[in-house]
Amino acid sequence: MTQQNMITVIVDGKEVQVPAGTSAIDAVFQAGRDVPYFCSQQYLSPIGACRMCLVEAGTPRKNPDGSWILDDEGNKKIFYFPKPMASCTLGASDGMVIKSQTDSVKKAQAGMMEFTLINHPLDCPTCDKGGACELQDRAFEYGYGVSRFQFDRRHAEKHYELSEFVILDQERCIHCKRCVRYFEEIPNQEVLDFIERGGHTFIDTLEGGLPSNFSGNITDICPVGALLDNVARFRGRNWEYEHTSTTCTACPVGCSITVDSRNGRLERIVGRDNPEVNEQWLCDAGRFGHPYVDEDRLTQPLVKVNGEFQPATWEQAIAAIKTGLQGVPAQSIGFYTKADITLEEGIALESFVKQIGTPNVDHAPRYGVVVNAPAATLTDVATADAVVVIGADLTEEAPVVDLRIQEMLKGGILPQQYDFGTAIADLRLTERMHRHRERLAVFYPTRTRMHDVAGIAAEMNSVQVLEHLSSVVSGQYAGGAIEEAASLLKNAKKPVIVLGSDVLKGGQIGLDIAAHIALSVNAKVLPIPADANGFGLSRLEIVPQNGADLSSMGTLKAALVSRVTKIPEDFAGFLVVHETQLTEVARRANVVLPALTNYEKRGTTVNLEGRLLKLDPAAISSGESADLITALGAVAEALDLKAPIRGQRSAQKALKDRFGVDVANLPEQGLIADLGRQYNARTSRFHRPEVGMWKEVMLRSKRLKEKLGGETHASVAD
């Protein structure tokens with residue numbers, strides 16, 4: 001908590017120091033006391049709708065001569081408000097006295113709870129929010145226990161789909177307006193609102209439902225069972241889940257998430273507060289794209305005999321690999337992996353290929369990303385006074401970056417952090433805040449969601465944008481949107497340039513131009529890597545310097561491929577595939593080794609900022625599945641070798657020796673560290689990146705295919 005402009009507030013007799021501008025409810029929490037609330041939410045504007053956070057409050061006053069008005073005992077006299085006040089919309093002032101535990105406060109809170117419950121259906125024993133319902137918990141803590149209102153309750157439409165992923169039960173809604181404010185204030189999509197007046201008021205949306213990019217967040221913030229996760233619904237109760245804090249690897253942002261599992265199945269994903277990265281928001285793909293984890297999983301090795309797969313033990317699989325690799329020189333073996341593996345797996349792969357002496361190694365998809373300009377963080381994006389997006393469809397490539405730019409458009413007001421966490425009611429946030437559209441410029445070959453919110457926008461080839469922008473910042477004239485974007489960058493104090501796949505896939509020339517622009521206008525640069533750990537893996541030597549990349553795999557006699565979605569058709573050698581499901585690539589294998597998903601791994605990933613983040617394993621049943629370190633150990637055993645890295649501990653020690661960072665003890669919010677040299681190689685056109693929010697792996701799930709019609713949203717052409 002900042003120590004600047006501090007004021008003193010007395011909460012239930014305890015003095016507490018808080019920054020000027022703090023709300024009374026945050027002063028109460030900072031003092032370690034509790035106040036019930038429903039409508040307030042850490043990242044939304046406070047509105048005082050539910051009236052549950054009532055407290056008694058008063059302030060000292062001064063005489064006309066400037067002296068304090070004193071009581072009979074010579075102390076500053078406190079002038080209390082005539083009635084209990086909603087503390088979420090009340091600003092704390094120096095010397096304010098707040099009472100949160102008096103009989104008057106308790107009676108007022110219990111009365112509001114009774115009023116809130118007048119029309120609530122009270123189906124607590126059967127409500128699918130049971131166990132995670134704030135209303136249920138608060139009614140137990142602060143309610144009377146009985147109601148004086150015995151009439152028939154209001155009935156409204158129950159359980160209908162607002163979208164493929166969100167269910168609405170209007171009877172349970174208490175009109176806190178969190179969901180309405182969320183759509184307006186966070187993703188800038190006004191799709192929900194109050195309809196009718198008084199006791200007939202209900203929440204609904206226009207025909208067409210909710211947009212499927214950030215809609216799932218309303219199921220997290222709804223304090224009752226009115227808005228529910230349609231993918232996780234009826235899969236289990238909150239107390240039945242095993243909660244695992246980890247990191248989402250669906251895209252390079254690295255959102256903090258909690259994975260809820262039950263009976264060995266991944267049932268639900270919810271957002272976890274990390275003010276530095278995703279605050280607490282998730283995209284719909286990251287939240288709902290998990291059902292594939294439990295469907296058709298490979299749980300033991302498979303060995304192909306006479307063209308058919310047969311279940312095998314790991315020992316039998318190793319024997320089959322030994323037979324297949326017999327007589328194959330190391331220089332004819334290739335190792336290829338998806339670019340979302342952990343750093344631990346990456347350094348194990350690097351060490352192993354050096355041990356056996358093969359130059360054929362790569363991770364995919366990847367870009368050759370070396371931007372010689374200061375790197376931007378997500379906080380830099382949110383607090384910038386100018387952002388220029390070039391070649392990125394952010395909603396598809398790195399969705400939460402879209403939300404951080406929306407935050408920038410509102411003035412870059414980041415929530416105050418206190419000892420108890422993020423502010424509950426930040427008084428600087430207001431409904432329908434002005435958006436500074438003039439601070440955003442967007443260039444992309446086709447129209448994206450960001451075009452609609454930018455003051456400067458054009459559908460242009462990304463290379464042309466870079467070349468023209470570079471000319472303008474060097475003093476030449478280009479006119480139109482390019483000239484406006486250059487002016488925006490030049491006049492800004494904290495400009496940020498975001499580079500997406502349409503720039504990065506073009507190779508180093510575009511990146512050098514981008515670096516020239518950034519250095520000319522003193523801007524920071526945020527490139528979007530091609531996959532979840534593309535940033536981290538680029539710091540390891542697992543790119544083909546003189547060997548075959550994935551597109552040249554057909555020249556090899558054998559290969560180990562880990563969770564890569566496509567390999568060349570002309571490859572006819574011995575193939576070992578490390579996969580989670582029997583994919584098209586796995587069906588071509590001679591030996592299939594069962595793989596862990598990233599929800600089941602312990603390790604480290606590095607997001608697009610260069611922030612090291614922890615992965616912790618959720619309790620998911622995956623049989624004999626193993627990570628890449630174990631798969632490499634199997635190949636080493638087949639070659640009668642002892643792999644240099646054989647487990648997490650040795651991998652983490654190697655990372656500490658390499659980068660000087662103890663990845664075994666990372667802070668909860670992650671750590672940005674200098675990982676040194678970046679290894680680059682030519683970018684093969686074979687590695688066409690998956691830039692759609694809904695990755696191909698997610699659509700393996702039958703449930704999601706039914707909901708999304710089997711369509712991805714990939715939008716960048718090769």
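Being a predicted model, the structure only gives us computed values, none of them experimental.
Residues Thr358 and Gln331 bring no donor and acceptor atom of their side chains to less than 3.5 Å of each other. A donor and an acceptor atom, one from each side chain of Thr604 and Glu344, are located under 3.5 Å apart. Between the side chains of Thr448 and Asp393, no donor-acceptor pair of N or O atoms lies under 3.5 Å. Between the side chains of Ser622 and Glu600, at least one donor-acceptor pair of N or O atoms lies under 3.5 Å. With hydrogens and angles left out, the side-chain atoms of Asp220 and Asn217 include no donor and acceptor closer than 3.5 Å. With no hydrogens or angles considered, a side-chain donor-acceptor pair links Asn607 and Glu609 at under 3.5 Å. A side-chain donor-acceptor contact under 3.5 Å links Thr395 and Asp402.
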Take Tyr292 and Trp694 through the test ring-ring contact (aromatic ring centres under 6.0 Å, His included) and record every step on the way to the result. CA-CA 12 Å; Tyr292 78 92; Trp694 293 96; over 10 Å; no
Chi angles and distances behind the salt bridge (Lys or Arg N to Asp or Glu O under 4.0 Å) call for Glu668, Arg272: CA-CA 11 Å; Glu668 198 65 26; Arg272 190 160 54 86; 2.8 Å; yes
Chi angles and distances behind the side-chain hydrogen bond (donor to acceptor under 3.5 Å, both in side chains) call for Arg268, Asn238: CA-CA 10 Å; Arg268 185 175 66 176; Asn238 202 48; 2.7 Å; yes
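For CG of Asn546, the number of neighbouring non-hydrogen atoms (other residues, nucleotides, ligands) closer than 6.0 Å is 12 at most. The number of heavy atoms from other shown groups lying within 6.0 Å of NZ (Lys656) does not exceed 12. Dense packing is recorded around CD of Glu164, with more than 12 heavy atoms of other residues, nucleotides or ligands lying under 6.0 Å away. Residue Ile509 places its CD1 atom among 12 or fewer non-hydrogen atoms of other residues, nucleotides or ligands, all under 6.0 Å distant.
Here Asp531 pairs with Lys338 in a salt bridge; the nearest charged N to carboxylate O distance falls below 4.0 Å.
Partners of Ser650 by side chain to side chain donor-acceptor pair (under 3.5 Å), not counting sequence neighbours: none found. Residues that satisfy the side-chain contact (heavy atoms from CB on, under 4.5 Å) test with Arg265, not counting sequence neighbours, are Arg235, Glu267, Asp294.
Closest approach of Leu593 to Ala631, counting heavy atoms only: CD1-CB, 4.0 Å.
Using modelled atom types, one side-chain atom of Lys304 and one backbone atom of Arg587 make a donor-acceptor pair closer than 3.5 Å.
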